[in-house]
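Below is one structure, written out as structure tokens; the observations come after it.
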Amino acid sequence: MARSNVCHYDQYMDFFYNNSNITSDDWEQTQLILVQVVGSICCCFILVANAMIIAAVVTNRRFHYPFYYLLANLAASDFLAGIAYVYLMFKTGKISRDLSVQAYFFRQGLLDTSLSASLINLLVIALERYISIMNWKVHSNLNKRRVTLLIVLVWGISIFMGAVPSLGWNCICSLDLCSKLAPIFSRSYLIFWSVSNLVLFLIMVAVYLRIYIYVMRKTVVMNTHTSAAINRKRTPVKLIKTVMTVLGAFVICWTPGLVVLLLDGLKCEQCNVLKFKRWLLLLAVLNSVMNPVIYSYRDEEMWTTIKNLMRCDRSGTRRQRSSKANIQRSSGRETTSSLKENTAEDSKVSTQEMLKS
């Protein structure tokens with residue numbers, strides 16, 4: 001009992017690794033260098049690609065809608081994940097044992113915050129898509145103020161979720177409750193974390209399944225009442241496919257890790273959870289690499305905007321240039337018509353003056 005009543009905030013992580021019977025380091029020096037090199041390349045791509053996605057949404061007025069603002073926020077969470085992975089890669093291996101409790105909380109908190117931000121943002125996007133589809137609109141009627149409040153709420157909840165272990169839900173004062181994957185996190189917290197995220201996965205899958213069924217039924221009805229096929233570019237189907245692809249990649253990459261966390265929380269002695277630790281990290285990095293690729297691949301306008309940004313081309317996309325040309329043509333027509341009217345009026349005035357004289 002005395003052991004569980006003593007808090008060990010002044011200890012380094014080596015003490016907690018030994019408490020969890022983790023006596024050997026998983027990473028060999030060659031493996032660690034290889035992971036750091038490959039991981040650094042992936043993280044650079046994550047940071048640059050997601051920064052380009054955010055810049056594309058900001059610079060292209062065609063993306064100034066709630067869906068794309070939330071998509072940019074999702075890219076921001078992946079950007080934070082890239083920073084968290086860089087920090088983790090150079091604070092792992094033997095260095096992990098020399099970390100203080102506060103440094104370990106910060107390292108894990110970055111990862112948990114980025115994961116929470118991605119997950120909550122995907123949930124918000126799912127609700128935004130549901131509202132839009134039920135009204136058969138490409139974009140919802142959310143104004144900028146509400147979207148801003150949603151984004152602030154997403155990050156507020158995410159930061160809180162990432163800070164929960166450091167706020168007290170840990171095993172520093174109860175060493176018999178410590179987990180293996182995160183030696184200062186209590187097993188009860190891992191159970192809560194994994195179960196809540198898996199439940200959110202199921203909710204989002206159910207929402208998108210409902211949306212998909214509705215869209216398919218609506219499409220069949222519209223096809224029977226119209227002679228021409230529906231132009232899918234003008235329907236919400238294209239955006240739905242983009243988000244469903246992102247969600248599918250997220251679920252595939254994160255579900256194995258959440259299941260392993262759950263097994264560790266349930267104290268599964270035969271599961272050998274430490275064996276899967278490095279592969280789960282690679283899966284998580286792969287998800288953040290895939291997301292910006294999915295955005296640009298599924299949306300031609302997004303890819304064109306990104307290419308223009310890379311070329312420092314300010315002329316805009318083809319659609320933007322055509323819209324500008326239409327505006328210029330319409331303004332030219334208005335100017336020509338006004339000149340004609342003025343000329344006609346002037347001729348009338350001059351004719352009247354000649355008659356008077």
Side-chain angles (χ1 to χ4, degrees), residues 1-29 32 80-81 83-117 119 156-199 254 256-281 284:
M1 293 296 294
R3 184 185 181 189
S4 61
N5 290 331
V6 177
C7 296
H8 304 275
Y9 286 99
D10 57 339
Q11 296 288 344
Y12 285 89
M13 287 306 301
D14 184 59
F15 172 81
F16 297 98
Y17 278 108
N18 292 332
N19 174 69
S20 298
N21 296 322
I22 307 174
T23 55
S24 61
D25 185 64
D26 288 338
W27 300 97
E28 296 178 1
Q29 191 64 25
L32 185 60
L80 177 62
I83 296 174
Y85 296 142
V86 171
Y87 187 82
L88 175 64
M89 281 188 301
F90 292 95
K91 294 291 183 180
T92 191
K94 294 180 180 179
I95 300 176
S96 297
R97 295 178 175 271
D98 299 328
L99 294 176
S100 64
V101 170
Q102 292 75 19
Y104 188 87
F105 276 138
F106 179 75
R107 191 188 78 175
Q108 298 304 121
L110 279 177
L111 283 173
D112 293 347
T113 299
S114 63
L115 173 59
S116 298
L119 187 58
I157 296 174
S158 302
I159 293 171
F160 174 75
M161 291 297 294
V164 164
S166 62
L167 295 176
W169 201 345
N170 54 59
C171 63
I172 294 177
C173 300
S174 303
L175 296 180
D176 53 329
L177 302 178
C178 290
S179 62
K180 285 192 173 184
L181 290 174
I184 58 176
F185 286 20
S186 62
R187 291 193 300 274
S188 60
Y189 175 75
L190 293 189
I191 294 173
F192 162 76
W193 175 261
S194 55
V195 170
S196 60
N197 287 336
L198 289 171
V199 169
W254 282 101
L258 294 175
V259 171
V260 171
L261 283 175
L262 180 60
L263 293 174
D264 188 20
L266 296 173
K267 204 176 181 180
C268 179
E269 299 291 347
Q270 296 80 23
C271 297
N272 193 12
V273 293
L274 292 174
K275 182 180 180 180
F276 304 100
K277 186 176 181 180
R278 68 186 69 177
W279 306 113
L280 298 178
L281 177 61

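FYI, side chains are in, hydrogens and waters are out, and symmetry mates aren't considered; it's all heavy atoms of this structure.
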Where [X] and [Y] come nearest, the two heavy atoms and their spacing:
| X | Y | answer |
| --- | --- | --- |
| Trp193 | Leu115 | CZ2-CD2, 3.4 Å |
| Ser116 | Ser158 | C-OG, 3.5 Å |
| Leu258 | Ser194 | O-CB, 3.3 Å |
| His8 | Phe16 | O-CZ, 3.4 Å |

Which donor-acceptor pairs under 3.5 Å do the side chains of residues 100-108 make with protein atoms, sequence neighbours left out?
| residue | atom | partner | partner atom | Å |
| --- | --- | --- | --- | --- |
| Ser100 | OG | Ala103 | N | 3.2 |
| Arg107 | NH1 | Lys91 | O | 2.6 |
| Arg107 | NH1 | Ser96 | OG | 3.1 |

Tyr87 atom OH, over 12 foreign heavy atoms within 6.0 Å: yes
Greater than 12 external heavy atoms within 6.0 Å of Tyr9's OH: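 Above 12, so yes.
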List for me each residue that meets side chain to side chain contact (heavy atoms under 4.5 Å, CB included) alongside [X], sequence neighbours excluded, and say none if there are none.
| X | value |
| --- | --- |
| Leu119 | Asn197, Leu200, Phe201, Met204, Phe250 |
| Trp169 | Val164, Ser186, Ser188, Tyr189, Phe192 |
| Ile159 | Thr113 |

Got a second to check how far [X]'s [atom1] is from [Y]'s [atom2], nearest 0.5 Å?
| X | Y | atom1 | atom2 | answer |
| --- | --- | --- | --- | --- |
| Ile83 | Leu111 | CD1 | CG | 11.5 Å |
| Phe185 | Ile172 | CZ | CD1 | 9.5 Å |
| Ile184 | Leu99 | CD1 | CG | 9.5 Å |
| Leu266 | Ile191 | CG | CD1 | 4.5 Å |
| Asn19 | Cys171 | CG | SG | 7.0 Å |

For the backbone of Leu190 and the side chain of Asp264, can you confirm whether one donor and one acceptor N or O come within less than 3.5 Å of each other? no
Using modelled atom types and a 3.5 Å cut-off, is there a donor and acceptor pairing between side-chain atoms of Arg187 and backbone atoms of Lys180? no
Could you tell me if the side chain of Val260 sits less than 4.5 Å from the side chain of Trp279, heavy atoms only? no
Can you list everything that forms a side chain to side chain donor-acceptor pair (under 3.5 Å) with Asp14? Sequence neighbours excluded, please.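 Residues passing side chain to side chain donor-acceptor pair (under 3.5 Å) with Asp14: Asn18, Arg97.
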With sequence neighbours excluded, give me every salt bridge (charged side-chain N to carboxylate O under 4.0 Å, His left out) pair touching residues 163-175. none
